[in-house]
Asker: 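Got a structure for you, questions after.
Remember, it's a predicted structure, so these values are computed and weren't measured experimentally. What you see below is based on every heavy atom in this structure, not just the backbone, and it leaves out hydrogens, waters and symmetry mates.
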Amino acid sequence: MQKVYIKDLSQYVDQTVSLKGWLYNKRSSGKVKFVILRDGTGLLQCVVFKGNVTPEAFEAADKLGQESSLEITGKIKIESRAPGGYEMDVTDLKLIAESVDYPITPKEHGVEFLMDKRHLWLRSQRQVAILKIRHRIVKAIRDFFDERDFTLMDAPIITPSACEGTSTLFATDYFDLGKAYLTQSGQLYAEAGAMALGKVYSFGPTFRAEKSKTRRHLTEFWMVEPEVAFNDLNDDMDLAEEFLEYIVQSVLKDRAEELRILERDTTKLEAVKRPFPRISYDEAVEILHKNGIDFEYGNDLGGTDETVVSNQFDRPVMVHRYPSEVKAFYMKRDPENPKLALAVDVLAPEGYGEIIGGSQREDNLDLLLERIEQHQLPQEAFEWYLDLRRFGSVPHSGFGLGIERTVAWICGLEHVRETIPFARMIYRNTP
RNA sequence: UCCGCGAUAGCUCAAUGGCAGAGCAUUCGGCUGUUAACCGAAGGGUUGCAGGUUCGAGCCCUGCUCGCGGAGCCA
C-alpha cells in the first residue's frame, strides 16, 4: 500500500487517507478533539468529532499522551483555521504504541535538560527544521564540488601525527605502533589527493581536544576541505566566495519553510552574493583601531575582534595575509612581504565568526623544512608530506569550512550545539 | 586553565533569616473550532552534596560537585 506523508497532502484534498506518525500536541473542546500529528515531513491538525468515530477511537484520542505513535485515517480538506492550511476529518484512529509522561512539554525548558534529552528533543519542529537545513547544506556542498569536477577523497580519521602540533588532539593506543590521534584536519591528505587528482575535497568529522567552552566550539565537528593544484591565494578566495554563495542561495531556495520556522531574517542571507569584500589583515587591524578596540598588531583576531570586523559588511568578509607567526607551518609566505602568510579567513556576518580558514600552501621543500623546524615538529612524521614537494611540487591552495558554524549562521542559532544531531563538547559526551 | 553567574516539584521559575509557592506536565471533571486552547479540582518537595553561624537557614559563611555565559585556542 502506498504511504502518504503530510508534506504531500495537497495531492490528496477531498480524499480519504491513512497517515502514520506521532502525537505532537492535542487540544480538546468537549465533543471535538484536535490532534496534531507529526510524521517527520510536517504537522497536520486532525479533527476528531465524537459522532464521526467509534466510541473506542474517541476515548483513545482523549487518552493519548504526547508522542504516542498512531495511525489515523480521514478525509483531507483545505482549512484556513488549521496550521499548515490542511486538516483531516478523522474517521478512524488506531494507537500503535503509547507514550506516557513524555518529558518535553510544549512549554519552556532549560539547555541542560534539553541536551540530556537530545534524543527526544530532535523530534521538535525547530530541531527538525535545523536538521533539514543541515542536510541541504551538505547536499549543496557535494553538488557544488561534483559540478566542478572535484573528486571526493576522504582523509583518515586515525592519524599518526598532528597537523599543527600535538597538544590539542585526542590520543589513543594503537596496538604495537604507539599513540594514534583522532584527526583535527584532513588537509595534508587532501594535498596528496590534489597532486593525484588535481581538484579534490575531503568531508568528514574532525576532532579537537581543546578545552574551548563557547557557543562556537565542539570537540567533534564536520569539515569540508577542498584542495586544488595550481590555485594561488586569489583563486582560493574566488572558490570560497562562489562556494558560500552557492550554499546560502541553495538553502534560501529549497528550505524557505524551515527558515520561517526558525524565524530567520532571510534578507540577511539574500545579501550573500559575490563579490565578497576582501581586506588584508592590516586593513582589519585599522578597522579595529578605528572602532576603539585595543588590538595589538601581530596577534590573531579573537572572537570579539571578528565580530567588529564582520559588522562592517553585509556579507561574508575575507581577511587575508595574516602575520605568518600566528598561522600554521604549511602556509606559504607572501613573496612581497615574508612576514605575512598567504592565508585567508572568511568571517560570517552577524557575529558568527570564522567559518572558513584557508591558504596557499608552501610548495618549496627547503622553506617547508625550515618551517617544520621552527615549529618544533618531528620531521620524520612529515616525510610523506615532504615527498609532495620532492616529486613535482606545484603551487596549490585550499580551505576548510566548518559545517556546524555554517549551519548556525544560516539558521541564525545562538549556539552550535543545536546544529549537529548529538553534540560532543568539553563537558558533554552523552547521549 | 582563568573570570563571572547559577542549582528549590517531572519542567520553567517565585519565596525580607520566621507555615515550601505559581504556571506547565500528570490524574479527575467541564466545554462542538482549538491555535504553547481555556475553566474547575487533586496528587506531587531530603530546596545539588558535606560542614558551619543562628532560638530558627531555601536564604548567611566555608569546601565540594554539576551546569550556564565568556576568555584563551580554533572551524
Side-chain angles (χ1 to χ4, degrees), chain A residues 24-36 43 45-52 58 62-63 65-67 79-85 87 89 99-117 120-121 124-126 163-165 167-169 183-187 205-225 240 299-307 322 326-328 344-348 352-358 399-409 414-417 419-420 425-428:
Chain A
Y24 196 71
N25 197 5
K26 67 177 179 187
R27 292 178 280 272
S28 117
S29 178
K31 305 289 184 292
V32 59
K33 299 188 186 302
F34 300 92
V35 171
I36 313 297
L43 298 178
Q45 174 162 286
C46 305
V47 187
V48 186
F49 282 107
K50 191 166 190 176
N52 291 359
F58 191 77
D62 201 35
K63 298 286 186 226
Q66 198 184 335
E67 288 300 321
E79 172 56 71
S80 61
R81 286 173 295 185
E87 189 176 83
D89 258 334
S99 165
V100 179
D101 293 335
Y102 187 72
I104 301 177
T105 67
K107 290 281 181 178
E108 288 169 29
H109 299 285
V111 170
E112 187 187 4
F113 177 77
L114 289 171
M115 287 305 286
D116 282 343
K117 305 283 184 227
L120 301 176
W121 189 22
S124 76
Q125 196 183 19
R126 184 183 160 80
C163 183
E164 297 161 30
S167 59
T168 63
L169 299 193
T183 185
Q184 62 174 273
S185 164
Q187 183 205 308
T206 51
F207 308 85
R208 305 274 165 98
E210 286 151 4
K211 296 194 169 180
S212 302
K213 190 175 147 32
T214 80
R215 68 183 68 192
R216 301 185 307 279
H217 287 86
L218 300 171
T219 56
E220 176 182 312
F221 66 99
W222 284 66
M223 192 150 65
V224 57
E225 296 174 284
N299 287 348
D300 207 351
L301 268 50
T304 20
D305 307 324
E306 289 176 353
T307 302
Y322 284 75
V326 299
K327 289 295 180 183
V344 58
D345 282 355
V346 182
L347 310 180
Y352 281 94
E354 183 186 347
I355 51 171
I356 281 181
F399 60 80
L401 171 86
I403 303 303
E404 287 73 22
R405 285 187 185 176
T406 304
V407 175
W409 163 47
E414 284 286 305
H415 200 298
V416 290
R417 66 185 156 223
T419 65
I420 188 168
M425 296 178 290
I426 175 166
Y427 293 126
R428 172 175 297 278

Asker: So which one's nearest nucleotide on RNA chain B is more toward 5', A:V111 or A:D300?
Answerer: A:V111
Asker: Please give the distance between the P atoms of B:C68 and B:C28 as a whole number of Å.
Answerer: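 B:C68 and B:C28 have their P atoms separated by 37 Å.
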Asker: Starting from P on B:C73, measure out to NZ on A:K327 and report it in whole angstrom.
Answerer: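 Computing the A:K327:NZ to B:C73:P distance gives 11 Å.
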Asker: What is the separation between atom CG on A:D101 and atom P on B:A25, rounded to the nearest whole Å?
Answerer: 12 Å
Asker: Rounded to whole angstrom units, what separation is found between the CG atom of A:L301 and the C1' atom of B:A75?
Answerer: 15 Å
Asker: Counting side-chain heavy atoms from C-beta on, which of B:A75, B:G33, B:C74 comes nearest to A:E354?
Answerer: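 Ranking B:A75, B:G33, B:C74 by closest atom to the A:E354 side chain puts B:A75 first.
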Asker: Any strand counts, and the cut-off is 3.5 Å on both contacts for Watson-Crick or G-U wobble. Which nucleotide pairs with B:C38?
Answerer: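 Matched B:C38 with B:G30 under the 3.5 Å cut-off.
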Asker: Looking at A:Y24 and A:Q125, would you say the former's side chain and the latter's main chain have a donor-acceptor pair under 3.5 Å?
Answerer: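 Confirmed, A:Y24 side chain pairs with A:Q125 backbone.
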Asker: Does B:C74 have OP1 or OP2 under 4.0 Å away from a side-chain N or O of A:K213?
Answerer: no
Asker: Hey, does A:T406 have a side-chain heavy atom less than 4.5 Å from the side chain of A:L401?
Answerer: yes
Asker: Let's test your reading of the model: under 3.5 Å, does the base of B:G69 pair with the side chain of A:E414 as donor and acceptor?
Answerer: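 No, no donor-acceptor pair under 3.5 Å.
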Asker: Grab the CZ-C1' distance between A:F113 and B:C11 for me, whole Å please.
Answerer: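 Between C1' of B:C11 and CZ of A:F113: 6 Å.
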Asker: Side chains of A:Q66 and A:P106: closer than 4.5 Å at any heavy-atom pair?
Answerer: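 Yes - at least one pair of side-chain heavy atoms lies under 4.5 Å apart.
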Asker: Give a yes or no answer on whether the side chain of A:R405 reaches the backbone of A:V416 with a donor-acceptor pair at less than 3.5 Å.
Answerer: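 Not at all, since once roles are kept as given, no pair shorter than 3.5 Å links the two residues.
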Asker: Per the atom types in the model, does the base of B:C68 pair as donor or acceptor with the side chain of A:R215 at under 3.5 Å?
Answerer: no
Asker: Hunt down the Watson-Crick or G-U wobble partner of B:C59, both distances under 3.5 Å, from any strand shown, or write none.
Answerer: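 When the pairing criteria are applied, nothing turns out to pair with B:C59, so the answer is none.
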Asker: Distance alone, cut at 3.5 Å: any donor-acceptor contact between the side chains of A:E225 and A:S185?
Answerer: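 Their side chains do contain a donor-acceptor pair, which is all the 3.5 Å distance test asks for.
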Asker: In whole Å, what is the span from the CD atom of A:Q66 to the P atom of B:C24?
Answerer: 15 Å
Asker: Could you work out which one of B:A75, B:U12, B:U34 sits closest to the side chain of A:R27?
Answerer: B:U34
Asker: When you compare B:A36 with B:A42, how far apart are their P atoms, in angstrom units rounded to a whole number?
Answerer: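 To the nearest whole Å, 28 Å.
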Asker: Could you check whether A:R428 pairs with A:D116 (Lys NZ or Arg NE/NH1/NH2 to Asp/Glu carboxylate O, under 4.0 Å)?
Answerer: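 Counted as a salt bridge, because a side-chain N and a carboxylate O are separated by less than 4.0 Å.
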Asker: Which part of the nucleic acid, if any, lies within reach of A:E210 when heavy atoms closer than 4.0 Å are counted: base, sugar-phosphate only, or nothing?
Answerer: base
Asker: Both distances below 3.5 Å, Watson-Crick or wobble geometry, any strand: find the nucleotide opposite B:C73.
Answerer: none
Asker: Taking only the P atom of each, what is the distance from B:C61 to B:G4 in whole angstrom?
Answerer: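 Those two atoms are separated by 15 Å.
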Asker: Determine the Euclidean distance between corresponding P atoms of B:A20 and B:C24; express it in Å to zero decimal places.
Answerer: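 It works out to 24 Å between them.
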Asker: What's the closest nucleotide to the side chain of A:N25 if the choices are B:U34, B:A36, B:U12?
Answerer: B:A36
Asker: Would you say A:W222 and A:T206 make side-chain contact, with heavy atoms under 4.5 Å?
Answerer: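 Answer no - side chains too far apart.
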Asker: Determine the Euclidean distance between corresponding P atoms of B:A15 and B:G52; express it in Å to zero decimal places.
Answerer: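 B:G52 and B:A15 have their P atoms separated by 28 Å.
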Asker: From B:G72, B:C31, B:A25, pick the nucleotide closest to the side chain of A:T105?
Answerer: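 It is B:A25.
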Asker: Give me the distance, rounded to whole Å, that separates B:C64 from B:C3 when you measure between the P atoms they each carry.
Answerer: 13 Å
Asker: Tell me which nucleotide among B:A75, B:U1, B:U32 gets nearest to the side chain of A:H217.
Answerer: B:A75
Asker: By nearest nucleotide on RNA chain B, pick out whichever of A:G400 and A:K63 is the more 5' one.
Answerer: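 Final value for this comparison: A:K63.
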Asker: Side-chain N or O of A:K107 versus OP1/OP2 of B:A36: is the shortest distance under 4.0 Å?
Answerer: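 Answer is no, no contact under 4.0 Å.
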Asker: Check every strand shown and say whether A:E404 touches a base, only sugar-phosphate, or nothing at a heavy-atom separation below 4.0 Å.
Answerer: nothing
Asker: Within the distance-only criterion (no hydrogens, no angle test), does the side chain of A:K26 pair as donor or acceptor with the backbone N or O of A:D62 below 3.5 angstrom?
Answerer: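 Judged by distance alone, yes, a pair lies under 3.5 Å.
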Asker: For a quick check of understanding: with a heavy-atom distance under 4.0 Å over all strands, which category does A:E225 fall into, base, sugar-phosphate or nothing?
Answerer: nothing
Asker: Please report the distance separating the C1' of B:U54 from the corresponding atom of B:U1, rounded so that it comes out in whole Å.
Answerer: 38 Å
Asker: Quickly work out the A:R417 CZ to B:A75 C1' distance and round it to whole Å.
Answerer: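 The distance from CZ of A:R417 to C1' of B:A75 comes to 18 Å, rounded to the nearest Å.
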Asker: Counting side-chain heavy atoms from C-beta on, which of B:G33, B:A36, B:C11 comes nearest to A:S29?
Answerer: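 Nearest to the side chain of A:S29 among the choices is B:G33.
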Asker: Which part of the nucleic acid, if any, lies within contact of A:L218, taking any heavy atom under 4.0 Å across all strands shown: a base, the sugar-phosphate backbone alone, or nothing?
Answerer: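 Base, at least one base heavy atom under 4.0 Å.
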Asker: Is the aromatic ring of A:F221 within stacking range of B:A75, meaning centres under 5.5 angstrom and planes under 30 degrees?
Answerer: yes
Asker: Describe the nucleic acid contact of A:Y102 in one word from base, sugar-phosphate, nothing, applying a heavy-atom distance below 4.0 Å.
Answerer: nothing
Asker: Mind checking A:P83 for me? I need base, sugar-phosphate or nothing, with any heavy atom below 4.0 Å counting as a touch.
Answerer: base
Asker: Kindly indicate whether the side chain of A:F207, heavy atoms from C-beta on, has any atom under 4.5 Å from the side chain of A:L169.
Answerer: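 Of all side-chain heavy-atom pairs linking A:L169 with A:F207, none is under 4.5 Å.
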Asker: Do A:S212 and B:C73 have a side chain to base donor-acceptor pair shorter than 3.5 Å?
Answerer: yes
Asker: Quantified in whole Å, what is the C1' atom distance between nucleotide B:A7 and nucleotide B:G45?
Answerer: 15 Å
Asker: Name the pairing partner of B:A9, where a pair is Watson-Crick or G-U wobble with both distances under 3.5 Å, or state none.
Answerer: none
Asker: What is the distance from CD1 of A:I426 to C1' of B:C73, rounded to the nearest Å?
Answerer: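 It works out to 12 Å between those atoms.
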Asker: Mind calculating the distance between CZ (A:R216) and C1' (B:G70) to the nearest angstrom?
Answerer: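 A:R216 atom CZ is separated from B:G70 atom C1' by 10 Å.
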Asker: By the 4.0 Å heavy-atom rule, please label A:S28 as base, sugar-phosphate, or nothing.
Answerer: base
Asker: Who does B:U53 pair with, Watson-Crick or G-U, both distances under 3.5 Å?
Answerer: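 With both distances under 3.5 Å required, B:U53 matches none.
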